[in-house]
2 protein chains.
Amino acid sequence: MASRSTQILEAAARVIARRGVRGLRVEELAAEAGVSTGLIYYHFKDRTGILRHTLEFINDRAERYTTARDPDAPPLSPREELEHTLLLELQEKEEVRENSAAWGELRSTAVFDAALREDLARATLVWVREVAALLGRVHPRAPAVTLTSAAERLTALLEGLSMRWLSGGLPVDRARELLKGAIAVELAGLDRG
Amino acid sequence: MASRSTQILEAAARVIARRGVRGLRVEELAAEAGVSTGLIYYHFKDRTGILRHTLEFINDRAERYTTARDPDAPPLSPREELEHTLLLELQEKEEVRENSAAWGELRSTAVFDAALREDLARATLVWVREVAALLGRVHPRAPAVTLTSAAERLTALLEGLSMRWLSGGLPVDRARELLKGAIAVELAGLDRG
DNA sequence: GTCTATAACGGGATAGAC
DNA sequence: GTCTATCCCGTTATAGAC
């Protein structure tokens with residue numbers, strides 16, 4: 001059974017995905033979580049605290065579904081694993097949509113809220129490194145800086161595609177196709193060195 | 001001399017770039033524009049009216065500086081023009097930062113506000129077409145669908161890089177470098193067909 | 001730990017003078 | 001058209017009981 005804190009953070013992810021960070025009302029969050037507003041302040045101190053913990057929660061959850069692998073599934077080639085990992089973030093699944101929406105909100109909120117910047121920058125760095133490592137498994141001889149640049153481009157592109165998807169201008173299948181294309185183009189670039 | 005309305009909208013663009021849509025306070029806007037709050041409500045009815053008119057103002061302005069070309073400047077090669085046009089959006093210039101920040105705000109607001117989606121989708125489409133046309137001038141033999149996909153990737157990447165830049169995780173020079181890299185990689189992809 | 005109040009405040013919006 | 005003054009509501013945050 002999830003703890004109270006977790007229960008509130010799950011609700012926060014839902015409310016943020018539904019209303020955005022801008023639209024998050026502590027009272028609505030309380031209702032969604034089935035607790036009182038007072039309890040929320042007891043656990044998270046203030047509005048910013050809610051946001052920060054939600055970001056952390058979302059990251060952990062993404063980590064989980066990104067890393068999770070069915071033990072009986074056939075092993076993936078490095079390239080397949082790279083594609084699989086990136087495409088995980090572009091799915092109609094409710095949990096994925098929530099995570100993407102919340103991530104986008106936090107990103108755009110951070111533009112005007114210094115308190116979130118540091119956490120966000122750190123989380124982004126971790127993500128870029130993961131992707132760079134996956135690229136490195138496809139192209140073991142490529143220099144680290146080249147891998148990092150490609151990883152920064154692919155992750156930034158994924159964020160851009162996510163925003164277009166969520167803001168209704170781009171069907172998720174088209175977004176996936178574009179991302180696959182970018183992976184192909186980047187890998188071809190690494191081939192040439 | 002700019003009209004009072006224009007003066008207020010210019011101030012609104014500055015304030016939104018500084019505080020975001022959610023952080024926009026009518027009182028602060030009034031101070032920034034050097035007018036009273038009452039006058040703002042007189043001209044724009046309410047907060048939403050301010051936002052709508054400001055977003056329109058920003059689009060018109062971006063149109064202007066993207067299209068403007070010094071008549072005495074040396075003519076650019078197709079590839080230079082492509083790079084130039086895309087890199088215009090990644091500069092420390094105050095007006096550019098304002099527009100990028102406001103655009104990002106618009107994009108992320110649209111995720112939760114259906115009223116903005118249509119305008120945004122239309123503006124995005126126009127932009128993608130422009131970039132596809134520029135790509136076509138570099139590679140006249142490339143098929144239209146290929147050009148469109150590359151243009152969608154480059155513009156989505158630019159939006160993603162902008163967000164990272166504005167949220168403090170990515171220096172603008174690094175963002176420019178990454179974008180240039182993406183252009184190179186995409187053009188190489190068009191070479192191979 | 002959790003709830004029910006309610007305090008405290010910020011900020012949108014309006015009235016009315018000039 | 002423009003300003004000053006102010007009302008009033010929504011929201012965050014806290015106090016105190018259980």
Side-chain angles (χ1 to χ4, degrees), chain A residues 1-57 102 105-106 108-117 119, chain B residues 1-58 101-102 105-106 108-109 111-113 115-116:
Chain A
M1 167 68 185
S3 72
R4 268 287 196 264
S5 291
T6 305
Q7 172 185 342
I8 293 168
L9 292 176
E10 282 168 351
R14 284 196 299 275
V15 175
I16 289 177
R18 191 161 65 228
R19 307 257 187 249
V21 166
R22 299 166 176 74
L24 182 129
R25 297 287 112 93
V26 179
E27 199 172 352
E28 184 182 358
L29 170 55
E32 178 80 24
V35 302
S36 66
T37 66
L39 187 63
I40 290 173
Y41 285 99
Y42 172 81
H43 280 296
F44 301 110
K45 179 165 164 49
D46 58 16
R47 209 189 125 87
T48 302
I50 299 169
L51 261 28
R52 284 223 318 278
H53 281 89
T54 305
L55 169 61
E56 189 185 346
F57 170 79
E105 273 296 284
L106 290 164
S108 62
T109 303
V111 174
F112 309 101
D113 182 353
L116 290 172
R117 287 209 257 273
D119 285 339
Chain B
M1 169 65 186
S3 72
R4 267 284 195 267
S5 291
T6 306
Q7 173 185 340
I8 293 169
L9 292 176
E10 282 167 350
R14 287 196 297 276
V15 175
I16 288 177
R18 196 161 60 227
R19 308 257 186 248
V21 167
R22 183 179 193 265
L24 177 102
R25 303 285 165 253
V26 179
E27 198 173 352
E28 183 182 0
L29 169 55
E32 178 80 23
V35 301
S36 68
T37 64
L39 188 62
I40 290 173
Y41 285 100
Y42 172 79
H43 280 296
F44 300 110
K45 177 166 164 52
D46 58 15
R47 207 189 126 85
T48 302
I50 300 169
L51 259 29
R52 284 221 320 278
H53 282 89
T54 304
L55 296 171
E56 186 183 351
F57 171 79
I58 283 164
E105 278 290 284
L106 175 57
S108 62
T109 303
V111 175
F112 307 101
D113 181 354
L116 290 172

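Below, read A as the first sequence line, B as the second, and so on, with proteins coming before strands; counting in each chain starts at 1.
With hydrogens and angles disregarded, no donor-acceptor distance shorter than 3.5 Å links the side chain of A:E105 to the backbone of A:A17.
The side chain of A:Y41 contributes an N or O atom lying less than 4.0 Å from OP1 or OP2 of D:dA13.
For A:D46 and D:dT12, the CG to C1' distance is 10 Å, given to the nearest whole Å. Atom P of nucleotide D:dT11 and atom CD of A:E27 are separated by 8 Å, given to the nearest angstrom. In this entry the distance linking CZ of A:F44 with P of D:dA13 reads 14 Å, nearest Å. Remark: C1' of D:dG10 and CD of A:E28 are 14 Å apart, rounded to the nearest angstrom. Across the protein-nucleic acid pair, B:R47 atom CZ and C:dG10 atom C1' stand 12 Å apart, rounded to whole Å.
For residues 16-31 of chain B, every residue pair satisfying the side-chain hydrogen bond (donor to acceptor under 3.5 Å, both in side chains) rule, not counting sequence neighbours, is listed here: B:R18-B:E28, B:R18-B:E32, B:R19-B:E28.
Distance OG/A:S5 to CG/A:L39: 8.0 Å, rounded to 0.5 Å. Here the straight-line distance linking atom CD of B:E10 with atom CD of B:Q7 works out to 7.5 Å at 0.5 Å rounding.
For B:D46, there are no side-chain hydrogen bond (donor to acceptor under 3.5 Å, both in side chains) partners at least two apart in sequence or on another chain. Not counting sequence neighbours, A:S36 has no partner by the side-chain hydrogen bond (donor to acceptor under 3.5 Å, both in side chains) test.
Within the 4.5 Å cutoff, the side chain of B:R47 has heavy atoms near those of the B:L24 side chain.
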If you restrict it to nitrogen or oxygen atoms, what contacts under 3.5 Å exist between nucleotides 1-4 of chain C and the protein, and what is each distance?
residue	atom	partner	partner atom	Å
C:dT2	OP1	A:R4	NE	3.4
C:dT2	OP2	A:H43	NE2	3.2
C:dC3	OP2	A:S36	N	2.9
C:dC3	OP2	A:S36	OG	2.9

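DNA chain D lies under 4.0 Å from no heavy atom of any residue of residues 17-25 of chain B.
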Give the table of side-chain donor-acceptor pairs shorter than 3.5 Å for residues 50-58 of chain B, with sequence neighbours excluded, one pair per line with atom names and distance.
residue	atom	partner	partner atom	Å
B:H53	ND1	B:G49	O	2.9
B:T54	OG1	B:I50	O	2.6

